[in-house]
Structures are given as structure tokens and as C-alpha cells.
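Comments concern the structure below.
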Amino acid sequence: MNMNITLHVWRQKGPDAPGRMEIIQADDISPDMSFLEMLDLVNERLEAIDIESIAFDHDCREGICGMCSLVVNGIAHGPESATTVCQLHMRSFKDGDAVYIEPWRARAFPVIRDLIVDREAFERIQQAGGYVSINCGGSPDANAILVPKPEADTAMDAASCIGCGACVASCPNGSAMLFVAAKIGQFAHLPQGQPERFRRARRMVEQMETEGFGACTNHFECEASCPKEVPIKFISEMNRDFIKAVLKGE
Amino acid sequence: MKFDAKIPEGPLQDKWTKAKFDLKLVNPANRRKYKIIVVGSGLAGGSAASTLAEQGFDVHCFFYQDSPRRAHSIAAQGGINAAKNYPNDGDSIWRLFYDTVKGGDYRSREANVYRLSEVSNAIMDQCVAQGIPFAREYGGQLDNRSFGGAQVSRTFYARGQTGQQLLLGAYSSYNRQVDKGNLKSYPRTEMLDIVKVDGHARGIITRNLVTGDIERHAADVVVIATGGYGNVFFLSTNAMGCNATAAWRAHRKGAGFANPCFTQIHPTCIPKASGHQSKLTLMSESLRNDGRVWVPKKAGDDRHPLEIPEDERDYYLERRYPSFGNLVPRDVASRAAKERCDAGCGVGPDMDGEQKNAVYLDFAEAIERLGKDVVEDRYGNLFQMYEMITDENPYEVPMRIFPAVHYTMGGLWVDYNLESNIPGLFVLGEANFSDHGANRLGASALMQGLADGYFVASATVPDYLARESSMKAEDKISPDHPAFLEAEGALKARIDQLLSINGDRTVDSIHKELGEIMQNHCGMDRDRVGLEKALKLIPALRNEFWSNAKVLGENESYNTSLEKAGRVADFLELAELMCKDALTREESCGGHCRAEHETPEGEAKRDDESFTHVAVWEFTGEDIAWERHQEELAYENVKLTTRSYK
Ligand SMILES: Cc1cc2nc3c(=O)[nH]c(=O)nc-3n(C[C@H](O)[C@H](O)[C@H](O)COP(=O)(O)OP(=O)(O)OC[C@H]3O[C@@H](n4cnc5c(N)ncnc54)[C@H](O)[C@@H]3O)c2cc1C
Ligand code: FES
């Protein structure tokens, strides 16, 4: 049975323009549509009456590129757990619902237009050491480096971060700790990451602070909203590495 | 126009070694003076950008997402091939080469494919050294799985997120170079034209998607790695933004387009469920390691799958291809699925009066044999993805799958050095045509993208710079050169034109219509009548677009309608070329299957006499016309046979 939904959408023409919530009716929506397909349809209808469409970020639409970034009814990526908003389906809503759609809100993520924000700060954090310093060519045989399966699995848990920024958007302090800890944690659990382990932790954490992300005061909202369920234990591991780095002067 | 592949002399095994020795080098002290533009930050572009920057060149990388990590390579699930032979099951560089040439139905270049197989092992070494968390055995060694078209296990993987991890690996090397100041990123920037000076590619024109600014960028060499054009079909497994624009603009400036009709329809995707669907989702080929494909034996049997007894099920791949079974190549599996659905044995809900459009992929046997935990460990995220979309639990009910457009083997023509026929324009990854012939085997696009970027372009691009006498570091071309100003002016005029059509139809509705034409006439079913019909419909739709599309807003802001309109305008031209190419290729091979050219068993029937060549199309004019050229393919090491997977 198709449904009628009332959307309350953040509209903002540009970075410096004022923004506001607008009410847009989304009628005759099939529960099998994805949330973004519902927005596509709303946009088609807006354009038909010469209103510019609602701008939102999206690309892969299968929960892996990390491009989509909507706060739905106050929750980053919407009501379902372990789901990006592009994987959310309208069957999670019911006829007559009011649905509030807003962009990621954080000091470090300024709005570009409507629901699109600027996440360049994430790039600069990754550039501050989110790598293993090797040059292409000249690496030893792939099986020369043995990695115990449990360690490889833990590294993979961390590496599955898609860099969407939901952790920041859901944190009352706008902290990026989970995002940063995911990269640091991936390398900390692998032999390849050891030589630069402490220096990496220190540089990335410091860059995070420079970018204006808040501090972690243990709300755990980041873990709850993370579409890839990156566990919060990586934050405490990162904190330990950071302290060690400071003590060692790395 | 002549298309010379410039394949090095000598035995196959020695060609790349010899080529590498013959390639010229740039003195380390001079590298900084050369500016390289890379368009695209996926596996191909990202790996090329980071490696050239490591060597010390001044590299500038452009992409349309907000981060290099979001290129569509991120979505690859299943794995990457390498000829390591770790499982000791008889693999070798030669076998990977052989399988790939055979899988491509003998329409790829031997020398390129051999090189690809040769560097495959070094790719794995590089990726492990980067800290990519590949799947491991308990002993700490790398784990392997099998993919279609091979009888060995040579596919390496990281859960169901191999593309993500490989791309994040390339992204980490990339970030290291940004950190060092050797590499500059241009996010949310779309390349909309290339600029030629004295016949050489010397720069690009871009539009900043946030501000609308049109910018001129001059360089010494241009590398395009902008991915595939599957979105010409509207519905595909590609990301929403995947486009042909960069390649198409280069084509319009003289770059040959090779085998445009070679598209891959992937057998295991989640079937379309509604008319508003915006894309299709792939279920990785790796699932065919453990999943069994079947339909009911009886047409029109609409019992629940669990109520259909074993002996009333038709495991048609196992039946038709006993030696490869569920692991036949993609083109074969897709055609077989379609054949069963056309015969009325398809399953799933009725779709708006269309036939039932799915077959089952069943894990019951695997769960019984291996236990649910093992199956979950191998495919958990795919099962989860499936359930989110369909609301069905694949641990309990077989998955429903159907073929969907997935990959484009065609692309810009390149020689052995991955240089197009425009000197100084290199093309890497899915955007070129080089290695997969008429059908790509699973897990070899990731391999190819990384081979191109880490190992091939990093040797051949410097060679171009060293070779070109005009390329002396002193005489740089300025972005104020008349050629740049002219290209910029033309682009601005095109944008104005798009914004002033002021018609009634949304760009999406036109794109959808184009997709339907292509699905119906240039998809899995191709015949003369249909293709000729499409060749009438497409130009008419293009006229409709330019006279009746509605593109709102202005250039000077984030304008998603304008972005889309530019891409669809290019698809409307490319689609025509694809149909022309499909019509001219009077044979069936790999994913290109012409109804007129089938064996009595319904397999593709090649015509080696007339078509053992690459079709290369030259754009000949603004009234949208082409001339067809041929690059003959010589098979000196592999004997052409009828592919058999029986
Ligand atoms: C769902 C899915 C699963 C897959 N699974 C596998 C697998 O398991 N194994 C395998 O081997 N292959 C797989 N493939 C195929 C493989 O992922 C792709 O062929 C490959 O990743 C393409 O890489 P690329 O670098 O050429 O292009 P992409 O990764 O698509 O990158 C294109 C880049 O170009 C940029 N770009 C595009 N147009 C422009 C423009 N006009 N201006 C500026 N920038 C532009 C984009 O921003 C992006 O950075 C899969 C493909 C899909 C869709
Ligand atoms: S659009 Fe890619 S994760 Fe949502």
C-alpha cells in the first residue's frame, strides 16, 4: 500500500545563504522504494513545477562509498541500525508520517547546499599519516608477511569504515574520534603498520583537533550510528597509542 | 587514421621486460618540472597518481566526488586475481593469461593480457605491503576463492569488500603523496573537455561542481581513468554519477573509441522491483562458489521455493556445463538465466505484466555442508545487503537474482603503452578497452585497474615525457593559450545552451527512456531489426533532449540538474555509437550476442574470419557521424577455439 509522507527538508542555497526547514509533501510513495528513490521522485515532481531539486550527496547507493549523509528524524542515516541512508527503505515508515531531513551538522562540516556538507577536514586527517610509507614496487612476496587470522579480522573491522561522517554528525560534541580511530586501529593491528604506529596516532589526532572536531566524552552515539558498526574499542586503543606517542616523543 | 598497437617484438614472455628497458626515463632532478593531470581517483587513477607522485612528478588529480576514496571502485565486492598459485592447484602466469584470453572470447590483445597476468603478482605484493587486511588462513597466509571462468582458486579478497580495501590502499598511498606535497586533489570537479595543442593533449577544462567555476588546467600529459559507461542503460550496478563524459569529450576531440558495444551483463544482481528504481545492486560472483543456481523444471510453477522438491528443480548451469557448473563465465551464465526466464521458468513476483524476472541462487546445501557460521563469514555483508533491499532472509529462502548491466569492456582505444591515438593522452582502467576482449572474467577489473596505474602508466607516462622533444621543461604551455580559451568558450556556450532549453521533460525521464531503448535493443538481446530501430529512436530522443529538456537553476551554484544534463547529453551520442558497433559486428562473441549468430545450443558463434579485430571508431563531425577502423588481432600463442565450459 502506497503512503503519503510529509517531509520537512533543510533548504539552503549556498554556504553563506541562510537556511530553513521547508515542508514538502511526498505522496503516493511505495514502501519498496529506497529513501533516496523517494527523494528522486520528489525532485522530479519539484522540477515539473519549476522548483529546483533538493541537493543531497549520494553515489553508489549500496552503502559503501560513504557519500550519502542525511540526518533523518534526528538520527544520522535514519532509524535502522547498520544501514546507510541509501540502504534505508520506505518500508521503515508509515502512511501519514512526518519525516525530518537535515544535513550532517558539525562545526567542521560546513553546509555547501541544502543537505550537502563539506567533509574536506576528513581528507586532511587521512593525509596526516593515514598510510604505511612504502613505495610501489620492491615489496616482498605477499605471503612473506604472515598475519594471524584474528588480527587480520580485527584490522578489517576497523578498515570497513566508509568515511561518511555519521559518527561526527551523531556526536553531541561533533567529535571525529571513531573515524580517526578506525584508520589508526586498522594499521595498529597489522605488522605493516608497526614502524609508524605511534607517530601516526599522534599526527592524526593532532590534525583532528586542528580541524575543530570536538572531544570524546563517552556518549557512544558514534558507535550506535555507524553504518558499518565499527566498534568503539578502537577509540580506547587509539588513546593508548596517542599517550604512548606523547611519552615517547614521537 | 591508423591504429598501431605498437606491440614490442619478441616472445610473449619477454615483451614487457624488453619494453620496460626500452622506455625512456626522466632524470629524478627534472621530474618535479613535469606536470601530470590524472582524471579519476579510482583504482586506476588513484594508483597512477600516487605512483607518479612517488617518482617525483608534479601530479594533479581530479574527481567528481568529495574524496578520492569514493570512486566507484569502492563498490567492488568479490576479489582480485593474481597468478600466485598459493593453493598449489596448477595456476601460473600462463594459465591466468590463457583463461583471460579465452574468457574474453578471443577478442583481446595477447600482449596486453600477458603483461596483465605477469604484473598480477606484484600487485598483491604492493597491496599487502600497504596494509590491506586481506582474508587470511589460520596459519596467517592469504586465503583464496574461485571465480567464474577458471578452474583454479586465484582470487584474493577482503570479506565482500575487496574493492573498498584495494581503493583505500591506493588512497593511503595517495594521501602520503599529498602529505609530501607531490600531489594535489581537485574534489567535486568534473572534467568537461580536453585541450589539444599541436595535436598533443596538453590540458583539460573543468567545472567546479560547487561554485560552477569553469577552469583551464594546462599540463605536459593527461591521464584519463574515469571508469565505465554502463549508466548509458540507466539501470546498472554502477554508481549514480558514473559517466562517459570525460572519455566522450576526448573521443570528440579525436580519440578512437574501441568496441563500444562490448558490455558485460552480470548474472547475479538483485532483480528490478519497481518502476522508480534508480539502480541495480550486484550480488558478487563469489557467491557462485557456494550458491547453486536453479529454477523450477515446470514453466509457470509458482510454488514457494522451499516447497519445490529437489527432483523438480532444474540446476541448469550444472546440467548444461558439468565441468564448470555454477562457475561458468558471466556472459554464459547471464544468457542461460535469460533463456530459462524466456522459457517461462523464471521466479519471483510478477513485474507490471512483464515475465517473472529472476532465478534462484540457493545456499541451503552450502549451509548444510559448511555451517551457517562459515557461510556468514564468507558472505555475511552480501546477505545483509540482500535482505535490506528485498526484505527476505537468504539464509532461509534462496536469493532471487537476474542479470544486469555491470561493466563495459569497450572504451577509448589505447596502444600497448596505454596511450590513445592522441599523443600525450593516456587512458587507464575501465575507461580504456584493452584487456578483456568481449567478456571480462570476474576479479580481473580490479587487477587491470591496478596494473595500469601501479605498473604500466608509471613506466609509459614518463617515457612519453622523456621522448617528446617539444616537452622540454622550459617551454610550458600556458592555460591562456588560444586553444584553452577556445575550449573554455565552447564549454560555456554548451552550458548556456543546456540552461536555456526550458522544455517540459526532466533529464531523468529522458535518461530512463534511453535506458529502455538500450536494454531492449542493445542489451542481452541484439538483432539487426532491433538495432536498426534503436538507431532511429536514439537520434530522435537526442533531438527531444535538446529541444524539450528542462534544466533548472544557474551555472554558478551547486546544480545537480545541470551536472546530470551534461552527462545524459553525452550518453545520447554514445548510445548511438554502441548500436552502430553492435550492428556492424555480424557475429556473436562474449557478451555481444546477436540472435542471427548463435549455435544450435544457443551459444555465441564467432566469425573469426571476418571479426578477429578491434573496431575503432573515429568521430568525424559535429553532425554526429563516425568512421570505422580496424586493428587486426594476431593470435600467436593461443589457438582460437570455440569456448567450451561443458
Ligand atoms: C558493484 C560492482 C562490483 C564489482 N566487483 C568487482 C570485483 O569483485 N572484481 C573486479 O575485478 N571488478 C569488479 N568490478 C569492476 C571494477 O570495480 C571496476 O571496473 C573498476 O573498479 C573501475 O575502476 P576505475 O579506476 O577504472 O574507475 P572508477 O573506480 O569508476 O573511478 C572513476 C573515477 O573517475 C572520476 N570521474 C569520472 N568521470 C569524471 C569526470 N568527467 N571528471 C572528473 N572525474 C571523473 C570519478 O570521480 C572516479 O574518481 C565491480 C564493479 C561494480 C560496479
Ligand atoms: S550512496 Fe554510497 S554509501 Fe550511500
Side-chain angles (χ1 to χ4, degrees), chain A residues 13-14 30 32-33 36-37 40-41 44 47-48 50 52-53 55 57-67 83 87 89 91 112-113 116 119 122-123 126-137 139-143 145-149 152 155-156 159-160 163 186-187 190 192-193, chain B residues 51 54 65-67 69-70 72 74-75 84 86 122 124-126 128-131 133-142 158-159 161 164-165 168 172-173 175-176 178-179 185 187 210 239-241 273-274 276-279 281 385 388 391 454 458 506 508-509 550 552-553 557-558 560-561:
Chain A
K13 185 94 184 155
S30 146
D32 284 332
M33 270 183 200
L36 299 189
E37 283 162 2
D40 290 341
L41 183 64
E44 280 234 40
E47 291 194 358
D50 292 336
E52 279 189 65
S53 49
D57 260 335
H58 65 106
D59 204 26
C60 74
R61 295 206 176 183
E62 47 190 62
I64 193 74
C65 74
M67 198 78 182
T83 304
Q87 293 176 300
H89 278 69
R91 62 179 89 92
I112 292 175
R113 177 165 195 172
I116 298 181
R119 288 175 284 198
F122 268 14
E123 297 305 297
Q126 293 295 336
Q127 288 153 11
Y131 50 75
V132 172
S133 294
I134 52 125
N135 280 345
C136 181
S139 296
D141 182 79
N143 254 350
I145 304 171
L146 296 182
V147 185
K149 180 167 159 49
M156 182 63 208
S160 50
Q186 173 194 342
F187 290 136
L190 293 172
Q192 299 92 310
Chain B
T51 309
E54 274 166 21
Q65 296 92 343
D66 66 341
S67 163
R69 69 182 294 160
R70 306 201 203 283
H72 196 49
I74 200 86
K84 287 282 193 188
Y86 288 153
M124 281 308 297
D125 301 342
Q126 156 81 352
V128 167
Q130 281 171 331
F134 286 106
R136 302 256 166 190
E137 307 267 16
Y138 278 97
Q141 296 198 328
L142 292 158
R159 292 199 188 138
Q161 288 128 273
Q164 179 197 29
Q165 294 310 314
L168 293 182
S172 68
S173 292
N175 283 331
R176 175 167 168 248
V178 178
D179 198 14
S185 276
V210 178
M240 302 303 287
S274 91
H276 292 293
Q277 198 145 332
S278 57
K279 73 157 280 164
T281 301
M385 211 165 169
M388 273 183 206
D391 213 14
Y454 284 137
S458 58
T506 60
D508 259 352
S509 80
K550 178 184 253 186
L552 296 176
S557 71
Y558 208 108
T560 43
S561 315

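We name chains A, B, ... by the order of the sequence lines, and we start the count at 1 in each one. The structure presented is a predicted model; accordingly, all values stated were derived computationally and were not measured. Quick note: numbers below take in every heavy atom, side chains included, and nothing from hydrogens, waters or symmetry partners.
- A donor-acceptor contact shorter than 3.5 Å links the side chain of Lys279(B) to the backbone of Cys60(A).
- Considering only heavy-atom pairs separated by less than 4.5 Å from chain B, the leading option among Gly14(A), Pro140(A), Gly130(A) is Pro140(A).
- Side-chain contact check for Cys65(A) versus Gln65(B): every heavy-atom pair is 4.5 Å or farther apart.
- Annotation for Leu146(A) and Gln141(B): closest pair CD2-CG, 3.6 Å, computed over non-hydrogen atoms.
- In this structure, the portion of Thr51(B) lying under 4.5 Å from any heavy atom of chain A is its side chain and not its backbone.
- Between Asp59(A) and Arg70(B) no salt bridge is recorded (no basic side-chain N to carboxylate O distance below 4.0 Å).
- The two atoms that bring Arg91(A) and Asp391(B) nearest to each other are CD-OD2, 3.4 Å, heavy atoms only.
- In plain terms, the two heavy atoms of Gln192(A) and Val128(B) that are nearest each other are NE2-O, 2.7 Å.
- Taking all atoms of both residues into account, the shortest heavy-atom contact from Ser561(B) to Glu47(A) is OG-OE2, 2.8 Å.
- Nearest heavy-atom pair, Ser278(B) versus Asp40(A), reported as atom, atom and distance to 0.1 Å: CB-OD2, 3.6 Å.
- A side-chain donor-acceptor contact under 3.5 Å links Tyr86(B) to the backbone of Asn143(A).
- Here Glu52(A) contributes atom CD and Thr560(B) contributes atom OG1; the two are 8.0 Å apart, rounded to the nearest 0.5 Å.
- Within the 4.5 Å cutoff, the side chain of Lys149(A) has no heavy atoms near those of the Glu137(B) side chain.
- Annotation: the span from Thr281(B) atom OG1 to Arg61(A) atom CZ amounts to 10.5 Å, rounded to 0.5 Å.
- For the atom pair CG (Asp179(B)) and OH (Tyr131(A)), the distance works out to 3.5 Å, reported to the nearest 0.5 Å.
- Of all the listed residues (Val132(A), Asp141(A), Asp50(A)), the one sharing the greatest number of non-hydrogen pairs under 4.5 Å with chain B is Asp141(A).
- Between Arg176(B) and Ser133(A) the shortest side-chain heavy-atom distance falls below 4.5 Å.
- Chosen from Met124(B), His72(B), Lys550(B), Met385(B), the residue pairing most often with chain A at heavy-atom distances under 4.5 Å is Lys550(B).
- The CD atom of Gln126(B) sits 5.5 Å away from the OG atom of Ser139(A) when rounded to the nearest 0.5 Å.
- Residues satisfying the ring-ring contact (aromatic ring centres under 6.0 Å, His included) criterion with His58(A), sequence neighbours excluded, are Phe56(A).
- Rounded to the nearest 0.5 Å, atoms OG (Ser173(B)) and CD1 (Ile134(A)) are 5.5 Å apart.
- Chosen from Gln87(A), Gln186(A), Arg119(A), the residue pairing most often with chain B at heavy-atom distances under 4.5 Å is Arg119(A).
- Of all non-hydrogen atoms in Asn175(B) and Gln126(A), the two that sit nearest each other are ND2-CB, 3.4 Å.
- In this structure Gln165(B) satisfies the side-chain hydrogen bond (donor to acceptor under 3.5 Å, both in side chains) test with no other residue, sequence neighbours excluded.
- One distance of note links NZ of Lys13(A) with OH of Tyr558(B); it measures 14.0 Å at 0.5 Å rounding.
- Ionic pairing of Arg69(B) and Glu123(A) is not present here: no N-O contact between side-chain nitrogen and carboxylate oxygen is shorter than 4.0 angstrom.
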